[in-house]
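Worth knowing before you read on, the calculation uses all heavy atoms, side chains too, and leaves out hydrogens, waters and symmetry mates. The sequence lines fix the lettering, A, B, ..., with proteins before strands; numbering per chain opens at 1. Only a predicted model underlies this, so the values are computations on that prediction, with no experimental measurement involved.
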Amino acid sequence: MLTVLIYGAVTSAIFAMLAVGFTLIFGVARILNLAHGTFYALGAYSAFALTTILKVPLLPAAILSVAFVALFGIVMERVLVRPLRNSALAVLMITLAVALTMQQVLFLVFGSQSKNVPAFINHPVTIHGVSVDGQRLVALSIAIVLIASLWLFIHRTRVGSAILAISQDAEAAQYMGIPSNRIFSLVMGLSAALAGAAGVIAAPFLTVRPTMDLVPMITAFSVVIVGGLGSIPGSILAALIIGYSETIVAFYWNPQWTGAISLIAVLLTLVLRPSGLMGKPISL
Amino acid sequence: MRKRDWLGAGALVALLAALPLFLENRYFTGVFTVCAIDGIWAASWDFFSGLSGRENFGHALFIGGGAYAAAFMNGKFGFNPWWSIPVGIVVPAALSLVIGFPTLRLRGPYFALAMLAAAAIMQQFAVIFWQYTGGTEGIYGMSRLIDSSLGNYYFVLATLVATVAVLKAIAASRWGRILRAIKGDEGACEAAGINTTFYKIASLALSAGFAGLGGVLFAHYEQAVTPDDLDVFLSISVIIMVYVGGIGSIWGAACGGILLNLLLELLRGLGEYRLWVFYIILMLVLFFMRGGLVAPFWQRLQGSRA
Amino acid sequence: MRPRIPFLASAALMGALAVGSPAHAAAKKPILIGLDSPIQLQVGKDTVAAVKMAVDEINAKGGVLGRKLAYVVADEGMDPQLGVSAINKLTSEDHVNVLIGGYDSGVTLAEEPHIAEAKTIYLGIGSASPNITALVGRDYNKYKYIFRVNPLNSARQAAQIVNFADNVVKKKLKRNKIAILGESAVWVRGLVPVLVKGLEKDGMTVAYNQLFDETMSDFTPLLARVKASGAQFLLTVLSHANSDVFIKQLYESRLPMPYGGIDVKSMTPNFCSRVNGDSVGEITVNFVTRAPITKKTIPFWDGFVKLYHRAPVYTAPGAYNAVYMYAEAVKKTGTTKADPVIKALQKADYLGVAGRVKFDKLHDDLAGPGYQNVLFVQWQKGCKRVVVWPKELATGKVVLPPWLHK
Amino acid sequence: MSALLEVEGLTKRFAGLVAVKEVSFTLAAGEITGILGPNGAGKTTLFNLLTGFLPSDRGAVNFDGRSILKERPHQIVNRGLARTFQLCRPFHGLSVRENVEIGCLAPRARQEGDWRRQASVILDEVGLAEKADQPVEVLPYGDLRRLEFARALATRPKLLLLDEPFAGLGAGEIGGIVHLIRRLHDKEGLSILIIEHRLREFMQLVKRVIAMDFGEIIAVGAPAQIVRHPRVIESYIGKNEAELGIA
C-alpha cells in the first residue's frame, strides 16, 4: 500500500514536470509543441554525455544539461517556430520534424543501446518498512521544488504576471505593452528546462535510448488534455490522477494496461468534458 | 478543371503506368505500389481534413482498421481476398462514426487529439489482445489480391486514380464547398442553414472508407498486418505527405504521398543516415515552402506560362 | 565497420549498392550476399561486421568457385514495410544470390512470402520464432528457401531452460517456486507454455506468470508482484524489452531471489558495464562467449575484437556461420542455383563458431550436445562472464546476486 | 394574425451570472421590432438562445406555432428563422458568390429552385452582383455587412434576426442598409428583429422597441415612448448616454 503511494507520487511528479511545461507554452503562445519529449530525451543524454564521456561530476552536469536543453528550446522557438506561428498546423509539423530529426541524431551519435546515467543516490531507502530506490525520492523532491518555484515565479514576480496576462488574453497583453516575443522565448526556455530536468532526474531509473522521447510526449499530451489545455493546476491534478491510476493498475491488475490507461482517460475526457478538469469551457 | 490540368494529370498517370514497364523488376513495382497506396491515404486525409480544416492526427486508425479487417477476413477466416475490400471499407467508416459523433463538434485541436488517442488505443489493444490479433508480430500468411506484382500494381494505381477522381469530384461539388465553408466558419455555416455535423461526419466516414481501402491494398500487398499499421508515426507520415503535396487540392496530396515514399526509397543508399537526411529535407520543406511543394509548383508553372 | 556508401549513387534510382569488399575487377561476377538487417541497432551492425569478416577471410583464400564474395546491405529496421521492400530490393534490384539477416520475428514473418516469391535462399540469423520455419512444413515448395542458422528457436531454448531449471535451480540452489516474466512477443508466447509444462513436469511450481508489453519502461510494479508471489527464482524472457532498465530496477528493489533466463540485451558484452554493474548475479542464455566451445570459437571471437574493437553480439556468430555454410554448399554443388544449394544445405553438417549446425526437416537448426547449444552465462563480480551450465562447458559455479550474500 | 415568435420565460446562466432572465415577448408576422439595451444587457445572448447557438436553461420558444427550443441552429434556420452576426463572419477562402451559395444550399432554400440562380438574384438584391466573383478577403467592411445579409436572405427566412447591423459602418453605408431593410420588409413582408444599442436608427425603422438591461426586459413600447422611459434612461447613465441618441 505504502509502496503504491510512494511510487505513484514519483510517477505523478515526473508526469507533472513534463505536463506543466507543455501546457504553459500552449497557454501562453498557443504552441502545441511536439518536440516536448525531445527536451526530456536531450536532458537525459546531455547528463549521460557530461558525466560518462566528459567525466563532469553529477551536480554540475545536471545543471549544465538543464541549461543546455533550455537553450535548445529557446533557439528552436526563435529560429524555427516563430516564423511559422501564424499557422497552428505548420508549428505542429515543424516541432514534429525537430523531434524526429533529433531522435535520429541521438541514434547516430550515441547508437541504439541504452545508456546509463548515474543516480544522485544509488541505494535503497527504507520508509516504514518499505524499501524505495533513493533516486526516486530525489526525483520526487526535485520535482516538487521545481514546480513550486515555477508557481511562485508566475504568481509572485512581474515577469510571471506578464506570462499570466498573455495566457489569459494575448491581444490585450500586447496593448498593455508586454513584449510577447520575449515572453515566448522565456516560457519556451522554462518549458524546455522543466522537461530536461525531468529527463535528468528520471534517467537513472528509466530508459535512456534514442526513442525515449515518445512515451513522455504522449504522457504529457494525455495529462494536459485531461487537466485542461493551458491550465497549470489542471495539469498537476491530472498528473496525480493519471500517475496514480497507472501505478494502481500496474500493481493490482495488469501492467499491460498501463499504456492504455492514459489514452482511455484522454478519449473519455474529450468525449465527456473536452475542456478538461480545469480548462476554460469550449464554445461551439 | 482546366484543359491543362487534365493534360497534366493524364501525363502523370501515364508515366506512373509506364515506369514499371521500363524498370521491370519486383522491387520497383513494389515501391510504386506502396507509393500509390500512400497516395490513396494522403488523398483520403486531404479530402476531410484539408477541406474542412479539422486535422486528423489518427488516420492510421482507419488505415489499420482496413488492414486488420482484411487480415481477419482473409488471414484468419480464409475468405477470398476480394471480400476484404467491402469489409475493409465498412469497418473504418463505422469506426469513424463512433469517434466522429462525440468529437467533431469540438473546435481547435481537440478533434485532432481525440483521433490521435483513438488510434493509439487501438494499437495498444492490438498488442494486449494478442490471442486474436497476433500481438506485435501481427497476422501473416495472407494471400495477394492479384498474384502478378505488375497486375497488382495496376490495380492499385487504378484505385488511386479512381480515389482521386471521386474525391476531387465531390470536392468540386457543393459538398466540397460546404466543407470549405466549415473550414472558414462553422457557426456561420450553421447560420446559413447547413447541417454541418452531417457533412463533417459523412465526409469523415468517406475519408475513413478510402483510407481503409488503402489499408486493405497494403495488407494484401505485404501479405501481413502488424500494429505498425495503427502507429502514430503512420498517421503523421500521412499528414506530412499531404503537407508536402499542398493541403486542400487532393491530387497534390496524392502526389505528395508518391513523392515521399519514393524519396525514402531513394535515400536507402545513405544507410543509417537515411531517416536523418529525410527529416532534414522535410524540415526544410516545411520551413521554406509553407504552402507545400507539388500543388503550388503546378500553379506557378501555369502562372509563368499564362 | 559500416559499409562504405557511395553518396552520389543514391541520387539515381538505381544506385546505392553498398559493396563490402572494394570493387573486384575480376573476370567473374562476385557471388553476392544480401543482408537484410536493422542497421541502426547493434544486432544489425554486428551482422554486417561479421559478414564482412567472413567474406574477407574467404576472399583472401581465393573465394568460391573462382568467384569472389561480396555483399549488399538493406535496412529492414523494425518495420515490416521496410523489411519487405529491403527483400525486394536485394532480390530483384541487386540480384543477390543469397539472403542473410533478420532480427524481429514480426518483420521476418512479413518478409517470408516475398522471399519465397523471389526464390532466393534465406539464412535467418536473428529471429527466434518457431513460426518462421513452421512455414517450411506448411508449404514446402513455396517456403523451402527459408533456413534458420541462428539462434535456436524459442521452443528449443525453452527446453534448455527447463533442463537448466531442473539441474541448477532445483538441484543446486534448492528452489522450487518459479516466477516467469516475459515480453509479449510471438516467440515468447510460444515459449512460455512449454516452460510452464516442463517446469511442472520436473516437480517445480509456477507461482507467477506474466507477459508485458515490450515498450514498458517501469518494471517496479511487476517486480513487486513477483516478490509478493513468494517465488524463489525469477525466470525472465526478454528480447526487445528494455533490459537495462529492468535490471537496474531489479537491483534497486533488491529482489529477494536469484534470477535469470533469456535476456537478449544482456547477451551484449558491454551490458554489465552499461548498467553500472547492476546485472552482477544475472544468469542469461547465450549462444556464444569467449570459451573453447568449438575450435573456431576463440579465433572468431578474438578476430572480431581485433577488427572492430568490441565483442560481438549474438547475431555475429550466426552471420559468420551463415556465410561459411553458404560458401561450402556452393562449393560442393558447383553452382549458385537455388535448388541444388538447398539440397546441399539440407545435408550440411557444419562445425560453426558455437557448435555443429545441422538443419531439421523444417530447415531449423538443431539443439543439443555437440550441436549449437544454449549456454547459461552469469555476470559475476567485476562484470566477468562465467559459463555456469551446461556442465561440460562450465567455467565457474553459479552464485547468488550480491544482495543475497550473507 | 397569430404570433410568429413567442418567447416565454427564457433564462440563461453563465457560471453564476444570469445573462438572460425570464424573458417573454411575442412578435407578430410582418413586424419590425427592435431590441435596445446597453452593452452587456444580454441581447446577443438572447439571439444565441433563439437561434440555437446556446442551450437555454429554462423557458419556451415557439416559432411559427412549433417549439424550436431543442433544435440545432441549422434546423431553426430551415424553419425560417435566420440571423446575422454582430461581427461579420464570411467564409474565408470562398468567393462572394460562393458565400451566398452556401445559404442557397440550405434545404429550405433549395425548395425554391436552382441554387445557382437563387444566389444571383440575392446578390443583385443586396447590391453585390458586380463583386460576385471576388474573394471575400478583399471586400470593404460595408460590403461584408451586405454579404452577411445576403447569406441570411439566401435561406429564405420568414423572420430575420439582425445583430447590430450598423456596427462599424459610416453614415452613408448605414443609410444603404436601412434602405435595404425597409425594402425587404415592404416588398417581401419579411419580419425583422434588430438588436441595437443606439436608438437613432431605430427611430426610422421600427414600430416597437423591447428594452433590456441586466438580462431582463425593462420596457416595451414605441420608440418615442422608450427614450423617455425612466428605467431605460437609467440603464444608460454612466455607460454610453450619447449612444441612446436622445441629445
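Between the NZ atom of C:K265 and the CG atom of C:N242 there is a distance of 6.5 Å, given to the nearest 0.5 Å.
Heavy-atom distances place no part of B:D147 under 4.5 Å from chain C, backbone and side chain included. For C:D213, the part lying under 4.5 angstrom from a heavy atom of chain B is the side chain only. For a residue to count as touching a neighbouring chain, one of its non-hydrogen atoms must lie under 4.5 Å from one of that chain's; by this rule B:V34 touches chain C with the side chain only. Residue contact with chain C, scored on non-hydrogen atoms closer than 4.5 Å, involves the backbone and the side chain of B:Y221 alike. Contact of C:S129 with chain B is not made at all, since no heavy-atom distance falls under 4.5 Å.
A parallel orientation is assigned to the rings of C:F147 and C:H363, their planes being inclined by less than 30° (bins at 30° and 60°). Using the six-membered ring where Trp is involved, B:F72 and B:Y68 have ring planes that are tilted, between 30° and 60° apart. The aromatic rings of B:F125 and B:F129 sit perpendicular, their planes meeting at an angle over 60°, well past the 30° parallel limit.
When each of B:T33, B:L160, B:L150, B:I146 is tested with B:F155 by the rule side-chain contact (heavy atoms from CB on, under 4.5 Å), just one qualifies, namely B:I146.
Interface summary for chain B: among C:L82, C:I87, C:D139, C:T108, the most heavy-atom pairs under 4.5 angstrom belong to C:L82. Across B:T136, B:L275, B:D229, B:D231, the residue that shares the most heavy-atom pairs under 4.5 angstrom with chain C is B:T136. Of all the listed residues (C:M78, C:R189, C:Q81), the one sharing the greatest number of non-hydrogen pairs under 4.5 Å with chain B is C:R189. Between chain B and the residues C:P80, C:G106, C:S92, the largest count of heavy-atom pairs under 4.5 Å involves C:S92. With chain C as partner, the option from B:G30, B:A224, B:G134 having the largest number of non-hydrogen pairs under 4.5 angstrom is B:G134. Across C:A110, C:G77, C:A118, C:S105, the residue that shares the most heavy-atom pairs under 4.5 angstrom with chain B is C:A118. Comparing B:Q223, B:R274, B:E137, B:M142 by heavy-atom pairs within less than 4.5 Å of chain C, the highest count is held by B:E137. Taking C:L109, C:L90, C:V84, C:I39 one by one and counting their heavy-atom pairs under 4.5 Å with chain B, the maximum is reached by C:L109.
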query: Can you check ring pair (Phe, Tyr, Trp, His ring centres under 6.0 Å) on B:W41 and B:F62, steps first, answer last?
result: CA-CA 10 Å; B:W41 291 339; B:F62 304 140; over 10 Å; no
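In this model, no donor atom of one side chain and acceptor atom of the other lie less than 3.5 Å apart for B:S149 and B:R26. Counted by atom type alone, C:E112 and C:Y145 present zero donor-acceptor pairs between their side chains at under 3.5 Å.
Shown here for C:T120 and C:V96, the closest heavy-atom pair between the two residues is CG2-O, 4.1 Å.
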